[in-house]
2 protein chains.
Amino acid sequence: MNIQFKKGVLEICVLSVLAHKDCYGYELVAEISKRIDISEGTIYPLLHRLKDEGHVTTYLQESAGGPPRKYYRLTESGRNEEHEQKEEWMRFAASVNALLLGMNHAAD
Amino acid sequence: MNIQFKKGVLEICVLSVLAHKDCYGYELVAEISKRIDISEGTIYPLLHRLKDEGHVTTYLQESAGGPPRKYYRLTESGRNEEHEQKEEWMRFAASVNALLLGMNHAAD
DNA sequence: ATTAGGTATCTTGTGATGCAAGATACCGTG
DNA sequence: CACGGTATCTTGCATCACAAGATACCTAAT
């Protein structure tokens with residue numbers, strides 16, 4: 001799949017999954033990979049960025065067989081961001097679709 | 001508008017407009033900007049890449065008041081590319097929408 | 001105990017590509 | 001002849017996804 005399509009989209013995907021439930025990084029990769037191929041080297045820097053920006057908080061939780069998991073939870077700011085970015089994506093996708101379908105002269 | 005969303009999408013937008021009619025660069029910027037903000041510094045390198053890859057050919061045509069215009073026309077390879085990239089975009093957009101709407105467990 | 005393998009997090013370097021800013025050049029008008 | 005609009009093109013920068021690998025915890029087999 002075209003890597004470039006993903007630029008900027010993975011962030012809203014992460015926010016959107018976290019809007020449904022708290023997740024740890026590894027779990028997010030698995031969740032999102034059901035639809036869009038994504039690697040771990042992408043998700044961790046992204047999650048740290050989201051934390052730096054105050055959109056998520058984290059808490060540790062032990063796991064059965066393996067190192068402790070770091071769960072990510074949306075903050076209020078994160079929920080706002082999720083909402084805004086989702087709307088922006090919808091507008092953007094609609095614009096691209098309009099262009100690809102040749103509706104760029106009259107319709108709206 | 002989120003710059004990152006555009007990565008990789010502008011190429012299919014250009015191909016798609018050219019699938020309707022031959023255009024010169026300046027005209028493409030105007031055409032695409034109706035829906036998606038785009039700058040000239042983006043379109044010219046992109047057009048040169050498309051030419052290098054054999055997806056377009058060019059021809060010059062004089063204009064009333066200004067330098068000659070360089071028109072771009074899709075080649076057969078360009079039409080194939082346009083078709084494939086359009087389908088890939090549609091699949092991608094559908095995947096993202098599914099994720100954002102929380103349909104990532106069962107539905108398909 | 002030592003090794004191997006699965007789970008989980010994180011870092012580094014590379015590549016693709018959009019943009020701002022500016023250079024170049026043609027043309028008509030004042 | 002300078003100016004502004006049209007039109008093309010180049011350079012340097014920023015963003016972000018990825019491959020590859022480092023680290024570390026735990027269980028099970030040797």
Side-chain angles (χ1 to χ4, degrees), chain A residues 1-15 22-33 35-53 55-56 58-72 85 88-89 92 95-96 99, chain B residues 1-15 22-33 35-53 55-56 58-72 85 88-89 92 95-96 99:
Chain A
M1 172 171 299
N2 189 333
I3 292 179
Q4 300 304 319
F5 283 167
K6 303 182 199 172
K7 300 275 171 134
V9 169
L10 292 183
E11 183 170 328
I12 173 58
C13 288
V14 166
L15 290 173
D22 295 2
C23 286
Y24 54 100
Y26 211 70
E27 186 183 13
L28 273 169
V29 172
E31 201 68 38
I32 294 177
S33 287
R35 297 289 187 176
I36 297 169
D37 207 37
I38 186 182
S39 78
E40 297 158 27
T42 303
I43 214 92
Y44 289 112
L46 202 170
L47 287 169
H48 294 156
R49 197 162 60 245
L50 290 177
K51 188 173 183 184
D52 285 346
E53 293 169 353
H55 296 322
V56 299
T58 58
Y59 56 94
L60 286 175
Q61 199 163 302
E62 293 179 21
S63 79
R69 295 164 173 169
K70 187 184 280 185
Y71 279 84
Y72 292 83
Q85 284 203 26
E88 192 171 344
W89 161 259
F92 176 76
S95 294
V96 173
L99 257 174
Chain B
M1 172 173 298
N2 189 334
I3 292 180
Q4 300 306 319
F5 283 166
K6 302 182 199 171
K7 301 274 173 134
V9 169
L10 292 183
E11 182 170 328
I12 174 57
C13 288
V14 166
L15 290 173
D22 295 2
C23 286
Y24 53 100
Y26 212 71
E27 187 183 13
L28 273 170
V29 173
E31 201 68 36
I32 294 177
S33 288
R35 297 288 187 174
I36 298 170
D37 207 37
I38 186 183
S39 79
E40 296 159 28
T42 301
I43 213 92
Y44 289 113
L46 203 169
L47 287 169
H48 293 156
R49 197 162 59 244
L50 290 177
K51 189 173 184 185
D52 285 346
E53 293 169 352
H55 296 322
V56 299
T58 59
Y59 56 94
L60 286 174
Q61 200 163 299
E62 292 179 21
S63 79
R69 296 165 173 168
K70 186 185 281 187
Y71 278 83
Y72 292 82
Q85 284 202 26
E88 193 171 343
W89 161 258
F92 176 76
S95 294
V96 173
L99 257 174

Expressed in angstrom and rounded to an integer, what is the separation of [X] atom [atom1] from [N] atom [atom2]?
X	N	atom1	atom2	result
A:K70	D:dC25	NZ	P	14 Å
A:I36	D:dC16	CD1	P	16 Å
B:L28	D:dA7	CG	C1'	13 Å
B:E31	D:dA7	CD	C1'	17 Å
B:Q61	D:dA7	CD	P	12 Å
A:E53	D:dT15	CD	C1'	12 Å
A:E27	C:dG6	CD	P	20 Å
A:L50	C:dC10	CG	P	13 Å

Of the non-hydrogen atoms in [X] and [Y], which two are nearest, and what is the gap between them?
X	Y	value
B:G8	A:Q4	CA-CB, 3.5 Å
B:R69	B:S63	NE-CB, 3.4 Å
B:V56	B:L47	CG2-O, 4.2 Å

Inset, instruction - Check whether any side-chain nitrogen or oxygen of A:H48 sits under 4.0 Å from OP1 or OP2 of C:dT11, and answer yes or no. - result: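 Answer yes for this pair, as a side-chain N or O of A:H48 is under 4.0 Å from OP1 or OP2.
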Inset, instruction - Please check the phosphate of C:dA8 (OP1 and OP2 only) for any side-chain N or O of A:Y24 closer than 4.0 Å. - result: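 The answer is yes; a side-chain N or O of A:Y24 sits under 4.0 Å from OP1 or OP2.
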Inset, instruction - Would you give a per-nucleotide map of nucleotides 17-27 of chain C, 5' to 3', where B means the base has a protein non-hydrogen atom under 4.0 Å away, S means only the sugar-phosphate does, and - means neither? - result: BSBBB----BS
Legend entry - Counterpart residues, salt bridge (charged side-chain N to carboxylate O under 4.0 Å, His left out), relative to B:D37 (two or more places apart):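 Testing B:D37 for salt bridge (charged side-chain N to carboxylate O under 4.0 Å, His left out), a comparison that skips the adjacent residues, returns none.
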Would you indicate whether the side-chain heavy atoms of [Y] and [X] approach each other to under 4.5 Å?
X	Y	result
B:Y59	B:Y24	no
B:F92	A:M1	yes
B:R49	B:E11	yes
B:L50	B:Y72	no

Inset, instruction - Using both pair distances under 3.5 Å as the test, note the stems of at least 3 consecutive Watson-Crick or G-U pairs that include DNA chain D. - result: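 The stems are C:1-30 with D:1-30.
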Legend entry - side-chain contact (heavy atoms from CB on, under 4.5 Å) partner of A:L46, the single match among A:L10, A:I38, A:L15: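 Option passing the side-chain contact (heavy atoms from CB on, under 4.5 Å) with A:L46: A:L10.
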